[in-house]
Amino acid sequence: MTQRVAVVTGASSGIGAAAARALAADGWHVVVGARRLDRLETLAAEIGGTALALDVTDDASVDAFAAAVERCDLLVNNAGGAVGTTPLAEADLDEWRWMYDVNVLGTVRVTKALLPKLVASGDGLVVTIGSIAAREPYKGGAGYNAAKHAEAALTRVLRLELLEQPLRVCEIDPGMVETEFSLVRFAGDAERAAKVYEGITPLSAEDVAEAIRWVASLPAHVNIDTMMIMPRSQAGASVVHREP
Ligand code: 8X3
């Protein structure tokens with residue numbers, strides 16, 4: 001296989017699916033991983049990629065996924081998410097555990113499993129999709145803030161520990177992006193999810209995908225360490241200007 005191979009996790013929707021399309025259009029063979037295999041197969045057929053079932057919270061699933069990936073030049077750690085906006089005083093530890101597992105341990109599992117192939121490629125790149133929640137705490141964000149701060153920390157450690165290897169490491173932290181993110185956070189409550197983006201033009205999944213595509217298109221000596229992307233009307237985790 002001479003075509004460079006990108007692996008995108010959480011690729012069945014949102015930023016992951018958009019990144020898979022953008023990378024494929026830029027010449028990558030894209031391996032898309034997620035739990036929802038039916039959606040993945042449609043996407044893979046559209047972009048000439050490969051669909052593989054992946055649950056980043058399951059060791060065996062990650063091992064089987066990584067074993068099926070023959071070559072990996074780029075890993076986009078996109079799988080993640082938030083549940084709830086429960087105040088710390090009422091913290092629901094199951095919410096915390098889920099967020100830690102999918103965002104932090106999920107990123108560790110997949111990165112660890114694919115690192116040998118990324119390094120063997122001679123010019124590997126890991127792009128981890130963090131969040132503004134990794135930079136700034138906000139009310140109701142404790143569990144997600146903690147998970148995203150942890151994911152940012154491990155991404156920076158990876159950069160330090162593999163400095164001698166032909167590997168680049170990048171963290172992209174988006175602010176408000178209209179995807180299924182808020183629908184998941186609010187357990188399918190569409191009205192509540194829509195309110196998050198009321199009166200603003202949020203980022204689209206494609207906006208973030210374009211940043212991923214660009215980072216991955218740069219020459220091997222250029223490492224974009226971190227990038228924060230927000231809609232024009234957002235200037236912080238809790239600072240949003242809404243049109244009436
Ligand atoms: C999503 C952005 O502001 O809901 O990662 O935490 S926010």
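Side chains included, hydrogens not; waters and symmetry mates left out as well; all remaining heavy atoms used. Note that ligands are numbered from 1 as they come in the structure, with each ligand's atoms numbered from 1 the same way.
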Between Y197 and F181, does the ring centre distance come in under 6.0 Å? no
Are R109 and F65 in a cation-pi setup, meaning NZ or CZ lies under 6.0 angstrom from the ring centre and within 45 degrees of the ring axis? no
Student check: side-chain heavy atoms of L74 and V8 closer than 4.5 Å: no
The single option from M176, H241, R242 passing side-chain contact (heavy atoms from CB on, under 4.5 Å) against Q234: M176
Presence of salt bridge, R71 and D73, under 4.0 angstrom: yes
Main-chain N/O of A133 paired to H149 side chain as donor or acceptor, under 3.5 Å: yes
Name the residues with a heavy atom less than 4.0 Å from ligand 1? S131, I132, A133, Y138, Y144, G175, F181, R185
